[in-house]
Amino acid sequence: MSAEQPPRSGPAASATAATGGSAGGSGPPGAAGPGRAGADGTARGRVYRYLRQAVMTGEIAPGARLVEDRLAEELAVSRTPVREALQRLTSEGLVVRIRRGQLEVCAVGPRERAEMHLLRVAFDEVVARLISRRADEIDWDPIHERLGPLERALHEGGIGSSAFAMAHLDLHMAINRAAFSERTSSFMESQAFLYPTDDYVQQAGYEPVEQHRQLLVALAGGDEEHAVAAVLAHAVRGEADGAGRGPRRAPVGGDTTIAERGR
């Protein structure tokens, strides 16, 4: 995120404080944040996706120390979903356990981000093809309704807020679920790289709500090639602006309420 863009609230903003940034934004996610169960019915899924996105995009910078109870307090959840999310991130190599059991964020390099983006683009193309083939069978109303939280988060906290990040994640997960059968969708959600970890639709100068509304129209139209072109344009726009870049905030020390600077 450039200096002109608003910082996230929640874990990302706390990590900003830990790395010398400005912890602005809209504060804790609250009702719109990961503490509230998403479409998958669990808070732990949202907490995991939120923290994973923050690490992968550099919102929580390498070297930031994650503190379980402070994360739980900030996200308004119990420690259990936070603990489970951190365990998953540790198993994925995104968080490392250092001395005395403390957890520290690992570096995610430009090559890894670029690879993740390519995987995401490939997956989005599959989603577009599958969803357009069964467009007439899908109940689009619940998916379109997810534009509401996205718009509210945009107006209340801005593109850089944690509430916007979560609403964006929820919308894309709803699209992905609609494309697959229930069994396949359940399997796909267990594949970490398929989560929308890129922030390519969260760039200054774009109107994200209308952008996603147009994307849904293209996906619901039943024209497979048009749907594929829409998702690729949606992804490539951000690839040119920021996918594969390094952390947006330099680790220079400071205090925080939920993530403490590492050694």
Side-chain angles (χ1 to χ4, degrees), residues 1 5-6 8 12 25-26 29 31-34 36 38-40 45-46 49-50 52-54 56-57 59 116-117 119-132 134-135 138-180 185 188-189 194-243:
M1 181 179 296
Q5 291 175 287
R8 291 189 193 278
S26 60
R36 186 171 177 173
D40 61 359
R46 300 191 81 214
R49 288 193 292 271
Y50 179 70
R52 191 175 194 282
Q53 182 188 56
M56 285 297 302
T57 60
E59 288 292 333
M116 292 287 290
H117 182 78
L119 288 169
R120 169 69 193 287
V121 170
F123 177 68
D124 277 355
E125 180 176 348
V126 173
V127 167
R129 293 192 182 280
L130 292 177
I131 207 169
S132 62
R134 55 185 302 266
I138 295 172
D139 182 1
W140 289 96
D141 288 344
I143 302 177
H144 277 274
E145 287 173 1
R146 293 197 174 274
L147 292 171
L150 191 73
E151 187 166 22
R152 286 194 297 274
L154 177 66
H155 292 318
E156 295 174 4
I159 290 176
S161 68
S162 58
F164 181 89
M166 288 305 303
H168 172 240
L169 286 165
D170 287 342
L171 173 59
H172 276 278
M173 294 308 295
I175 293 172
N176 293 353
R177 292 187 191 101
F180 294 98
S185 177
M188 288 299 180
E189 288 192 27
L194 298 181
Y195 295 124
T197 55
D198 295 312
D199 65 337
Y200 57 77
V201 297
Q202 300 178 38
Q203 306 298 321
Y206 297 121
E207 206 300 298
V209 178
E210 183 58 31
Q211 182 185 144
H212 282 86
R213 182 175 289 111
Q214 292 175 6
L215 177 63
L216 291 180
V217 170
L219 292 174
D223 185 327
E224 185 173 329
E225 296 308 318
H226 180 59
V228 170
V231 297
L232 293 181
H234 187 66
V236 171
R237 174 186 291 124
E239 172 69 7
D241 283 335

**Student:** State the CG-NE2 distance between Leu150 and His155, to the nearest 0.5 angstrom.
**Tutor:**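 Rounded to the nearest 0.5 Å, the CG-NE2 separation comes out at 9.5 Å.
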**Student:** Nearest 0.5 Å, what's the CD-CD distance between Glu156 and Glu151?
**Tutor:**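 That separation rounds to 10.5 Å.
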**Student:** Within this structure, what is the CG-CG distance for the pair Leu130 and Asn176, rounded to the nearest 0.5 Å?
**Tutor:**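 Atom-to-atom, Leu130:CG and Asn176:CG are 10.5 Å apart.
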**Student:** What closest approach, in Å, do Ala174 and Ile143 show between heavy atoms, and which atom pair accounts for it?
**Tutor:**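 In this case the closest contact between Ala174 and Ile143 is O-CD1, 4.1 Å.
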**Student:** Taking salt bridge (Lys or Arg N to Asp or Glu O under 4.0 Å) as the test, write out the residues that go with Glu145, two or more places apart.
**Tutor:**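 Counting only residues at least two positions away or on another chain, Glu145 forms no salt bridge (Lys or Arg N to Asp or Glu O under 4.0 Å).
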**Student:** Verify side chain to side chain contact (heavy atoms under 4.5 Å, CB included) between His212 and His168, making sure each step is shown before the conclusion.
**Tutor:** CA-CA 9 Å; His212 282 86; His168 172 240; 3.4 Å; yes
**Student:** Under the rule for salt bridge (Lys or Arg N to Asp or Glu O under 4.0 Å), what residues qualify as partners of Arg152, not counting sequence neighbours?
**Tutor:**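 Arg152: no salt bridge (Lys or Arg N to Asp or Glu O under 4.0 Å) contacts found.
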**Student:** Would you kindly say whether Arg49 and His172 are connected by a side-chain donor-acceptor distance under 3.5 Å?
**Tutor:**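 Distance-only check fails for Arg49 and His172.
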**Student:** Just jot down the side-chain contact (heavy atoms from CB on, under 4.5 Å) partners of Ala128, sequence neighbours excluded, or say none.
**Tutor:**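 With sequence neighbours excluded, Ala128 shows a side-chain contact (heavy atoms from CB on, under 4.5 Å) to Leu219, Ala227, Val228, Val231, given in chain and number order.
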**Student:** Between Asp170 and Pro149, is any pair of side-chain heavy atoms under 4.5 Å apart?
**Tutor:**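 They are not in side-chain contact.
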**Student:** Kindly write out the residues that satisfy side-chain contact (heavy atoms from CB on, under 4.5 Å) with Gln214, not counting sequence neighbours, or none if the list is empty.
**Tutor:**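 So Gln214 forms a side-chain contact (heavy atoms from CB on, under 4.5 Å) with Glu210.
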**Student:** Indicate the atoms forming the closest heavy-atom contact of Ala135 with Ala220, along with that distance.
**Tutor:**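 It is CB-O, 3.6 Å.
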**Student:** Judged by atom type as modelled, is there a donor-acceptor pair below 3.5 Å linking the side chain of His144 to the main-chain atoms of Trp140?
**Tutor:**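 No: the side chain of His144 does not pair with the backbone of Trp140.
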**Student:** Do Leu232 and Asp124 come within less than 4.5 Å of each other through their side chains, counting heavy atoms only?
**Tutor:**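 A side-chain contact under 4.5 Å is absent here.
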**Student:** Between Gln53 and Glu59, is a side chain to side chain contact (heavy atoms under 4.5 Å, CB included) present by the stated rule, with each step listed?
**Tutor:** CA-CA 8 Å; Gln53 182 188 56; Glu59 288 292 333; over 6 Å; no
**Student:** Does any part of the side chain of Leu216, heavy atoms only, come nearer than 4.5 Å to the side chain of Ile175, both counted from C-beta?
**Tutor:**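 They are in side-chain contact.
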**Student:** Parallel under 30°, tilted from 30 to 60°, perpendicular over 60°: which one fits the rings of Phe123 and Phe180?
**Tutor:**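 Judged by the thresholds at 30° and 60°, the geometry between Phe123 and Phe180 is parallel.
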**Student:** Of all heavy-atom pairs between Glu224 and Ser132, which one has the smallest distance, and what is that distance?
**Tutor:**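 Closest approach of Glu224 to Ser132: CA-OG, 3.3 Å.
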**Student:** Checking Glu125 now: which residues fulfil side-chain hydrogen bond (donor to acceptor under 3.5 Å, both in side chains) with it, not counting sequence neighbours?
**Tutor:**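 Glu125 satisfies side-chain hydrogen bond (donor to acceptor under 3.5 Å, both in side chains) with Arg129 once adjacent residues are dropped.
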**Student:** Roughly how far, to the nearest 0.5 Å, is CZ of Arg213 from CD of Glu207?
**Tutor:**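 Output value for this atom pair is 8.0 Å.
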**Student:** Partners of Val217 by side-chain contact (heavy atoms from CB on, under 4.5 Å), sequence neighbours excluded?
**Tutor:**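 side-chain contact (heavy atoms from CB on, under 4.5 Å) list for Val217, sorted by chain: empty.
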